[in-house]
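A note on names: the letters A, B, ... follow the listed sequences, proteins ahead of strands, and every chain is numbered from 1.
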Protein chains: 2
Amino acid sequence: MTRSTMPARPPGRPRSGVDAVVFAATLATVHELGYAHATVDRIAAAAGVAKTTIYRRWPSKGDLVTACLVDAFGPAPLTGQTTADLLTGAIRWIAGKIAEPGVGAAFAGVFTDAVNDPALRATLAGRLQQPYLVALCEALHEPPERVLFFVDVVVGTLLHRMGMTGEPMTAADVDALIGMVLRAL
Amino acid sequence: MTRSTMPARPPGRPRSGVDAVVFAATLATVHELGYAHATVDRIAAAAGVAKTTIYRRWPSKGDLVTACLVDAFGPAPLTGQTTADLLTGAIRWIAGKIAEPGVGAAFAGVFTDAVNDPALRATLAGRLQQPYLVALCEALHEPPERVLFFVDVVVGTLLHRMGMTGEPMTAADVDALIGMVLRAL
DNA sequence: TGGTATCGATACCTGAGGTAGCGTAACTGC
DNA sequence: GCAGTTACGCTACCTCAGGTATCGATACCA
């Protein structure tokens, strides 16, 4: 991500495409073994690269998974005729992403790690949450603290279900969540 | 807990009071260092017991913390003239518990561990969640899946805030959460 | 062809969860 | 007071995973 945006390629070995391969291997390994058992050794083996290559690109496992999630999420589709449409789409989108194989477990796992790692928490908040927060504030014309509250509600609920049951939330419950948030605004 | 309910004390060394001392040391250590850095060695040292004593009583760190939380929470105060009163009291109660020093971090940490440890997840769901779930179903006259959804919302939101900021939710936001849940029922 | 920077491999360090063995302290019952 | 019983403290140890250091090999650019 950082390197691919450089104007001219510096001399040395190639590394194009490695990020994508490692991200795919990360999600696949987390999906198969869970976050805790998806060791960096196994992820490296699955990606066909050396462990040292991973630590050269990302300073820690948490940073790797965070970058992986940023890549997997991409920009939020904040579109819709009305505010209700926009919110419904956004909540369905994040619920769908968390339901993707590996993404939910990776998200819950890195969130978990961040609880007791202030540096990782800052990375997670800055790289993953901040962009969506800003976009939501603009799209909804609501102050940040209010948007933050609803992010806590939506993401917290989805992750709690994922963590307690190991399964993503059903479509019916996602609809209930949407109804609840719409009524509250 | 298990032993103190026995009718007659069996022969051997005493162990009364050790549970309470270890629970207090667990919460204090987690409060001071966070869940991940609160190693069993340090908890044992803080309690003034040997590490082996802890592992003799609880099979793992997760089980220790779960037992500690069960002890710290106690029975839920499900009282109130109306359903609204009852729910308001229950949500304020759980929010207050999670805001207690060490409890929130311990809860978030053990939840985190449970995400990728099915055995611990079963313990957490059975010992900590199940009793409150049953009591809530009876008190609210609602089916389990509906109650489970609202537990996901309330606990998930509180834990997400705790995990992302490191601080418990403000009273104003807890009130907003209560209002949201009341409107949804 | 040479310079440059990354890659792969191996070996290693640290910290933490968890276990084994053994002598010892404390309680119950006779 | 004395045996029997049980848990305790201590020490040493195992395993696994995150993370680091070193170095030769490799592939790109000029």
To the side chain of [X], which of [options] is closest?
X: Ala50(A); options: dA9(C), dG19(D), dT19(C); result: dA9(C)
X: Val49(A); options: dG8(C), dA7(D), dT19(C); result: dG8(C)
X: Lys51(B); options: dG18(D), dT20(D), dT19(C); result: dT19(C)
X: Arg56(B); options: dT20(D), dG9(D), dT22(D); result: dG9(D)

Round to a whole Å and report the spacing from [atom1] of [X] to [atom2] of [N].
X: Asp41(A); N: dG18(D); atom1: CG; atom2: P; answer: 7 Å
X: Arg42(A); N: dA17(D); atom1: CZ; atom2: P; answer: 8 Å
X: Asp113(B); N: dG17(C); atom1: CG; atom2: P; answer: 9 Å
X: His37(B); N: dA16(C); atom1: NE2; atom2: P; answer: 8 Å
X: Ile54(B); N: dC10(D); atom1: CD1; atom2: C1'; answer: 15 Å
X: Leu64(A); N: dG18(D); atom1: CG; atom2: C1'; answer: 12 Å
X: Tyr55(B); N: dA16(C); atom1: OH; atom2: P; answer: 12 Å
X: Leu33(A); N: dA17(D); atom1: CG; atom2: C1'; answer: 14 Å

Steps toward side-chain contact (heavy atoms from CB on, under 4.5 Å) verdict (Lys61(B), Ile54(B)): CA-CA 9 Å; Lys61(B) 179 181 175 179; Ile54(B) 289 187; over 6 Å; no
Audit row: Thr83(B), His141(B), side-chain contact (heavy atoms from CB on, under 4.5 Å) steps and yes/no: CA-CA 10 Å; Thr83(B) 303; His141(B) 309 290; over 6 Å; no
Check: Thr52(B) side chain, dC10(D) base, donor-acceptor under 3.5 Å: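 A donor-acceptor contact between them is present.
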Whether Lys51(B) side chain and Val40(B) backbone form a donor-acceptor pair below 3.5 Å: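 A pair under 3.5 Å: no.
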Between CG on residue Asp152(B) and CG on residue Leu159(A), distance to nearest 0.5 Å: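 Nearest 0.5 Å value for the CG-CG distance: 10.5 Å.
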Look at all strands and tell whether [X] reaches a base, only sugar-phosphate, or nothing, counting heavy atoms closer than 4.0 Å.
X: Thr39(B); value: sugar-phosphate
X: Thr53(B); value: sugar-phosphate
X: Gly48(B); value: sugar-phosphate

Below 4.0 Å: OP1/OP2 of dC7(C) and any side-chain N or O of Arg57(A):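 It does, given that an N or O in the side chain of Arg57(A) lies less than 4.0 Å from OP1 or OP2 of dC7(C).
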Plane angle bin for Trp58(A) and Phe23(A) - parallel if under 30°, tilted between 30 and 60°, otherwise perpendicular: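 The rings of Phe23(A) and Trp58(A) sit tilted, inter-plane angle from 30° to 60°.
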